[in-house]
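Below is one structure; the comments refer to it alone.
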Amino acid sequence: MAYGMLVAGLLSLAVAASSQNVAQRVSSNSVSGMPLFPSETLQLTDEALSRLAKDQRAWFEFGSNGSVSAARSLWPSENIWELFDWVLGTGSLIKTVPLATVCYPSEPDYDSAKCEEITDNWTNSYLHAADPASIMWPLFEGRTCLPTNQNVTADCTLGGYSSYAVNVSHVAQIQLAVNFARLANLRLVVKNTGHDFSGKSTGAGALGIWTHNLKEMEYYENYRGSGYQGPALKMGAGVQAFDVYAKARELGLTAIGGEGKTVGVAGGYVLGGGHSPMSSIYGLAADQVLALEVVLANGRFVTVTEETDPDLFWALCGGGGGTYGVVTSVISRLRPKVGVTLSKFSFATSPNVSADTFWAGIRSYMQRFPTYADAGTYAYFWVLPTGPGAFEFLMNPFFGVNHTLDEFNALVKPWFDDLKALGIPFTPNSTYFPDFYDAWAAGFPLETVASSTMLTGSRLFPRANWEDESKFNATFAALRSTITAGHPLLAFNMKVDLPEGSPENSANPAWRKTLMHAITSTTWNTTTPNAEIKQIMDTFTYDTLGQWRATCPDAGAYMSESDVLEPNFEQAFYGSNYDRLYKLKQRYDPTGLFYAVTAVGSENWQVKSLDGLPDQNGRLCRI
Ligand SMILES: Cc1cc2nc3c(=O)[nH]c(=O)nc-3n(C[C@H](O)[C@H](O)[C@H](O)COP(=O)(O)OP(=O)(O)OC[C@H]3O[C@@H](n4cnc5c(N)ncnc54)[C@H](O)[C@@H]3O)c2cc1C
Ligand SMILES: *[C@@H]1O[C@H](CO)[C@@H](O)[C@H](O)[C@H]1NC(C)=O
Ligand SMILES: *[C@@H]1O[C@H](CO)[C@@H](O)[C@H](O)[C@H]1NC(C)=O
Ligand SMILES: *[C@@H]1O[C@H](CO)[C@@H](O)[C@H](O)[C@H]1NC(C)=O
Ligand SMILES: *[C@@H]1O[C@H](CO)[C@@H](O)[C@H](O)[C@H]1NC(C)=O
Ligand SMILES: *[C@@H]1O[C@H](CO)[C@@H](O)[C@H](O)[C@H]1NC(C)=O
Ligand SMILES: *[C@@H]1O[C@H](CO)[C@@H](O)[C@H](O)[C@H]1NC(C)=O
Ligand SMILES: *[C@@H]1O[C@H](CO)[C@@H](O)[C@H](O)[C@H]1NC(C)=O
Ligand SMILES: *[C@@H]1O[C@H](CO)[C@@H](O)[C@H](O)[C@H]1NC(C)=O
Ligand SMILES: *[C@@H]1O[C@H](CO)[C@@H](O)[C@H](O)[C@H]1NC(C)=O
């Protein structure tokens, strides 16, 4: 396109009065059987596009199937960004500023009072979810612009944060952003809450689509579709666990969300699988999905159900966020109200409890994982190293789904009897709640986020490791060795069968065999040099987690709570589904517009990080 024509187009733009004139209000009919949300009826259509001058339109045209975007190499000029803001609805395009710039005297918006507030709230997930670009794992933005009490680089640049973010309030804005990124050859990221453990919601120089404000919810008492009939909830992409749980409580029903309060239930969580305190009974969050509304890489808005597009439905349900399109809403099954006995307790080594006695108590627990998962319960527990030969166990909590207090006490009696026989003092606080919501609210801590000195890794240990005593011993020995070497264990005991009536989906097949999702981490400190951090990471990925993998080489790991450096991530995170997922990626996103680290197709790309660490602060290049 001639540059002169563009400038001419901008002049005509300057006289146009209203913004949003490229969005068109469409009918709310959807083949999902439930009406579109108001935010979904404002769309970019061919007719709406035709209202733009030809040279303006050139930045926002829909893609045709298989067409490769014109390879532009120049960063759009200020004028073009203004044009983009104008078509979005002026003010929706946000030029990214890292939260902690207010802490840097060299920055124009330096403000010590605001800095204090940011610093105090830094580990609180609400702070980052409410920001257009901030993420909860600063490692992946390159640890730039941290609150100045935890200097790593002591500088404040944009690092791996996206450069611009669209504060989305309706679907046309997502379509415009997708088309603009494709045609301007920009990196594109989708950011919802920023919880992702691998930094999949950030990227240097990217245009971000920020879905956090898409908070609509609608209840349907008797949804029919995808072979299901019953209560369902339609959730906007920005809806979080606390929103959904409050809604379900009000309805007298149970929703499937994570344990984490602020996780984006209709975003990366459900798209990556999504385990839940209800998983041992109902499986994954992805297994609850009935329909999705999605903006594809070509900019088109589509409704995806088992009937309309079984391939894409299969891929979206568990194949990972930021890969096949931007989901604007999800309709999911709701489940009946259920009572829960919640139990919290801890025990530790002490002068009276030797390390061997402590581990015998842990072994007695772990041996019972098949029984507990088969009983429909879920447990979140920590085993922490607290000094040389010293350990602490925290049940944080045991979530006794559909168990009265008596039933719960009967379930755990054999283990508790063992602990007593071993002389391990512990005082369980077990309480029955007639409703999921109250048990969840009382049970799970608000996790602290935003550590910049830590890398996580995980494994889905299969039931087979319990069915053979020598395998069990090897598993137990591997975990004990990891913790004894100073790494914490944060693990979940659950089972995750595909529930009756749910179609097969692309969630990691390793989920269907697991009894334990175990997470551990490694740490360094703020002054550790990058080369040494890289060594610490490699030791962690290959030695520490290598010991875990050796006990179950054919199993996998949960992509959403994993090690970004997981070797052979295709097998580990996607298992036997990978080939089909990859083919579908080529069909729906042939130019690779949606890139996220460890996502399907990401092996064709490389981020040239500036510090040699696995972060998103460098250029994204096709390999
Ligand atoms: C404190 C904490 C607690 C957690 N608890 C649980 C838990 O109980 N169970 C569990 O299974 N997981 C849990 N997780 C992991 C969580 O599922 C993942 O971090 C997940 O990626 C979060 O999704 P999000 O949309 O909130 O985050 P984001 O980081 O914003 O997004 C994650 C990924 O999804 C993509 N994405 C987001 N929205 C969309 C969309 N609308 N369309 C397409 N792609 C999208 C992003 O591009 C990115 O690739 C927890 C994580 C943390 C940090
Ligand atoms: C793109 O074209 C191919 C081959 O013609 C077809 O199989 C595929 O379904 C098309 N994809 C979309 C999203 O239309
Ligand atoms: C910080 O936290 C306090 C209380 O927890 C809250 O009132 C305040 O709004 C938060 N500030 C930011 C910027 O999130
Ligand atoms: C962090 O860096 C800033 C800017 O260089 C400096 O003012 C501050 O004292 C440092 N803080 C710490 C804890 O090192
Ligand atoms: C984003 O848009 C919403 C309206 O949808 C508005 O309330 C909010 O203030 C905006 N946020 C920012 C950071 O601009
Ligand atoms: C250890 O056991 C002794 C004797 O039973 C008891 O008096 C003491 O309180 C115990 N100490 C702890 C820390 O439990
Ligand atoms: C709870 O358990 C009872 C049997 O004890 C069973 O009939 C009921 O279906 C279960 N409820 C749920 C929600 O699983
Ligand atoms: C026991 O748990 C209940 C429910 O979480 C809580 O209200 C109560 O304060 C706890 N009691 C003790 C002694 O910790
Ligand atoms: C497993 O470990 C237990 C306890 O250490 C031991 O008694 C048992 O013999 C071991 N079994 C096998 C098959 O190694
Ligand atoms: C920080 O890490 C370095 C290198 O790993 C180490 O030498 C130093 O002791 C650590 N400092 C602290 C306070 O942990």
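For ligands, and for the atoms within them, numbers begin at 1 and follow the listed sequence. The structure displayed is predicted, hence computed values, not measured ones.
Among Thr456, Asn192, Ile209, the residue whose heavy atom lies nearest to atom 30 (O) of ligand 1 is Asn192. Of all the listed residues (Val327, Thr328, Val294), Val327 holds the heavy atom that lies closest to atom 40 (C) of ligand 1. When Ala241, Ala596, Gly268 are checked for heavy-atom proximity to atom 25 (O) of ligand 1, Gly268 turns out nearest. Closest heavy-atom approach to atom 38 (N) of ligand 1 within the set Ser560, Gly267, Ser562: this belongs to Gly267. Summarising the contacts of atom 8 (O) of ligand 1 with His212, His128, Glu259, the nearest heavy atom is found in Glu259.
Polar contact check, Lys191 against ligand 1: no nitrogen or oxygen pair lies under 3.5 Å apart. Ligand 9 has no N or O atom lying under 3.5 Å from any N or O atom of Ser470, backbone or side chain. Between Gly322 and ligand 1, an N or O atom pair is found at a separation short of 3.5 Å. For the pair Val326 and ligand 1, the shortest N or O to N or O distance does not fall below 3.5 Å. Among the atoms of Ala237, none of the N or O lies under 3.5 angstrom from an N or O of ligand 1.
Of all protein heavy atoms, the one lying nearest to atom 13 (C) of ligand 9 is Glu469 OE1, 3.5 Å. If you check which protein heavy atom lies closest to atom 11 (N) of ligand 9, you get Asn473 ND2, 2.8 Å. If you check which protein heavy atom lies closest to atom 9 (O) of ligand 3, you get Glu117 OE2, 4.0 Å.
Salt-bridge annotation for Arg512 and Asp497: absent, with no side-chain N of the basic residue lying under 4.0 Å from a carboxylate O of the acidic one. Checked for salt-bridge contact, Arg463 and Asp468 miss the test: no charged N lies under 4.0 Å from a carboxylate O.
For Gly272, the closest heavy-atom approach to ligand 1 does not fall below 4.0 Å. Using a 4.0 Å heavy-atom cutoff, Ser125 is absent from the residues neighbouring ligand 1. Distances shorter than 4.0 angstrom do not occur between any heavy atom of Val189 and any atom of ligand 1. Residue-ligand proximity: Tyr324 is placed with every non-hydrogen atom at 4.0 Å or more from ligand 1.
Residue-environment remark: NZ (Lys247) exceeds the threshold of 12 foreign heavy atoms within 6.0 Å.
Under 4.0 Å from ligand 1, the heavy atoms of Glu561 that appear belong solely to its side chain. If you look at Ile135 next to ligand 1, there are no close heavy atoms at all, none under 4.0 Å.
With ligand atoms numbered from 1 in the order given, ligand 1 contributes 34 (O), 35 (C), 44 (N), 49 (O) to contacts under 4.0 Å with heavy atoms of Gly321. Below 4.0 Å from some heavy atom of Gly258 lie the following atoms of ligand 1, by number and element: 7 (C), 8 (O), 9 (N). Set against the non-hydrogen atoms of Gly325, the atoms of ligand 1 under 4.0 Å away are 42 (N), 43 (C). Taking a cut-off of under 4.0 Å to the non-hydrogen atoms of Asn121, the atoms of ligand 3 that pass are 1 (C), 2 (O), 3 (C), 8 (C), 10 (C), 11 (N), 12 (C), 14 (O).
A cation-pi arrangement is present between Lys234 and Phe37 under the rule of less than 6.0 angstrom and at most 45 degrees off the ring axis. Geometrically, Lys261 engages Trp440 in a cation-pi contact, judged by NZ or CZ lying under 6.0 Å from the ring centre and within 45° of the ring axis.
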Item to check | Derivation and outcome, salt bridge (charged side-chain N to carboxylate O under 4.0 Å, His left out), residues Asp615 and Arg143 | outcome: CA-CA 9 Å; Asp615 55 57; Arg143 297 168 298 153; 5.6 Å; no
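Under the 2.5 Å cut-off for SG-SG separation, Cys156 and Cys103 do not qualify: their sulfur atoms lie farther apart than that.
For atom 7 (O) of ligand 9, the nearest protein heavy atom lies 4.0 Å or farther away.
Residues forming a disulfide bond (SG atoms under 2.5 Å apart) with Cys552 (at least two apart in sequence, or on another chain): none.
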